[in-house]
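To start, the structure under review is shown below, and the notes come after it.
Lettering follows sequence order; numbering is per chain, from 1.
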Number of protein chains: 2
Amino acid sequence: MARKRLTREESRDQTNQRLLEAAAHVIAKKGFAAASVEDIAAHAGYTRGAFYSNFKSKSDLFIALLSQDHQCVQQDLQKILDAPLSMADMQQQISQYYVQVYRDEKNFILWAEARVLALRDAKFRARLNAYCLEKRDDIASIIEQFYKLLGTEPPAPPKDLAFGTMALIDGMRFFNETIPKELPDEAAMRTLAVMFNATFFK
Amino acid sequence: MARKRLTREESRDQTNQRLLEAAAHVIAKKGFAAASVEDIAAHAGYTRGAFYSNFKSKSDLFIALLSQDHQCVQQDLQKILDAPLSMADMQQQISQYYVQVYRDEKNFILWAEARVLALRDAKFRARLNAYCLEKRDDIASIIEQFYKLLGTEPPAPPKDLAFGTMALIDGMRFFNETIPKELPDEAAMRTLAVMFNATFFK
DNA sequence: GAATTCAGATACATAACTGTATTAGAGTGC
DNA sequence: GCACTCTAATACAGTTATGTATCTGAATTC
């Protein structure tokens, strides 16, 4: 099993990526504030030296992490959104969205953490708001497209309805994550479907 | 201005209350993890000694704080919920609920923080879930009452619809709090009204 | 009013984290 | 293969937190 000798750039990228992965893990587990730079570096198999040589600060790293995840998710979602829309799959699209926005529990926790951070930290808030608005606009454009197809007027500005959609999805996901016994997957999905059907097909 | 001489119990209660208020302030400002016991005690005008003589730990204090706020909010909400229901005020009740669940920004942040903590800490989760279910059941019972009045079947189990209601309200509040420019109060309320009307009056 | 008890202050012993400055060692270019 | 340049390790100095153990003074009890 000959290990390839890495060039500087490859090696640096590898370290960078490992630090990001470690950060995702440690932050999801302990929370952003409680996750020390040392923790993260050690979990990636490095020391603090490596950390500071790759990132300016812990915030910096977290933003890089979120940014990477956001790009990744947006790409996946784009596929859903790009598919030509028929009224029948609206509902299916929504549940697909629900499933895909946060790929797994870890990512969900990461973004929940980030949102809370954003309440306090203006720099974070600016970043997250940008991502949030990207998503909102994507969804708003689906909604517009949908009502054009339907030939009727939307019951509220599409952008606001998009916020509503995101709010509902995020909120239900939260309950589903913290009280799965009371709100299992199927119940969450069914309720989402009922509420979205009602508001969009009314 | 003669200051009343306090009995031991009065004095202790006062300290306790001051620590709780200080904690609310400091935790909302810095976050639970970053708020040190020293911070909190100092902000209340005491030293750490006072803190440890009143609470077992920081978690302990936070739970006491949340518990107190929950009781308080539940009382207020009970008044809304106890008012006899007519179909016409359903919508008004909901926007009143929206306004009252978190009395101000500070409380909103506190609960957001708590929810994230709950994702990691089982003890916290148990507490918050209990509060959450109390609210859900209150809302579910309004919904039931409402459909009885209407003489029709609800489109989904009232308890699930209640989760949906809470999810939507919390989620919208979050956007309204972090991107007020994009989702001002009126837009948030109007969208909530549209979505709730659709699902409940469909 | 002396003895006691309890709230809260102070002192202490540790532990952990931060960021920088310096150093070692492995890629790179001539 | 020698000088150089970068990545990551190490050493260091300083800060901030934790919880306990002990002490003090004001309330309480008799």
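- Not counting sequence neighbours, B:Arg18 has no partner by the salt bridge (Lys or Arg N to Asp or Glu O under 4.0 Å) test.
- Side-chain atoms of A:Asp160 never come within 3.5 Å of backbone atoms of B:Thr191 as a donor-acceptor pair (strictly under, hydrogens ignored).
- A salt bridge links B:Arg120 with A:Glu113: the closest approach of a Lys/Arg side-chain nitrogen to an acidic carboxylate oxygen falls below 4.0 angstrom.
- Side-chain N or O atoms of A:Thr165 include one that pairs as donor or acceptor with a backbone N or O of A:Leu161 at under 3.5 Å.
- Environment of CD in B:Glu105: sparse, with no more than 12 heavy atoms of neighbouring residues, nucleotides or ligands closer than 6.0 Å.
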Between the protein and nucleotides 16-18 of chain D, which nitrogen or oxygen pairs are less than 3.5 angstrom apart?
from, atom 1, to, atom 2, distance (Å)
D:dT18, OP2, B:Val37, N, 3.3

Detail all sub-3.5 Å separations between protein N/O atoms and N/O atoms belonging to nucleotides 28-30 of chain D.
from, atom 1, to, atom 2, distance (Å)
D:dT28, OP1, B:Arg8, N, 3.0

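- Figure legend: cation-pi geometry between B:Lys135 and B:Tyr102, with NZ or CZ positioned under 6.0 Å from the six-membered ring centre and within 45° of its axis.
- Computed from coordinates, the A:Arg12 CZ to D:dT7 P distance equals 4 Å when rounded to whole Å.
- Between C:dA9, D:dT10, C:dG8, one nucleotide has an atom nearer to the side chain of A:Thr47 than all others, and that is D:dT10.
- A sub-4.0 Å separation between OP1 or OP2 of D:dT7 and a side-chain N or O of A:Asn54 is absent.
- Nucleotide C:dG8 holds its P atom 13 Å from the CD atom of B:Gln17, rounded to whole Å.
- Under a cutoff of 6.0 Å and an axis angle of 45°, B:Lys30 and B:Phe62 do not form a cation-pi pair.
- A:Ser11 has a side-chain polar atom (N or O) that falls below the 4.0 Å cut-off from OP1 or OP2 of D:dA8.
- Heavy-atom contacts from other residues, nucleotides or ligands closer than 6.0 Å to CD of A:Glu153 number 12 or fewer.
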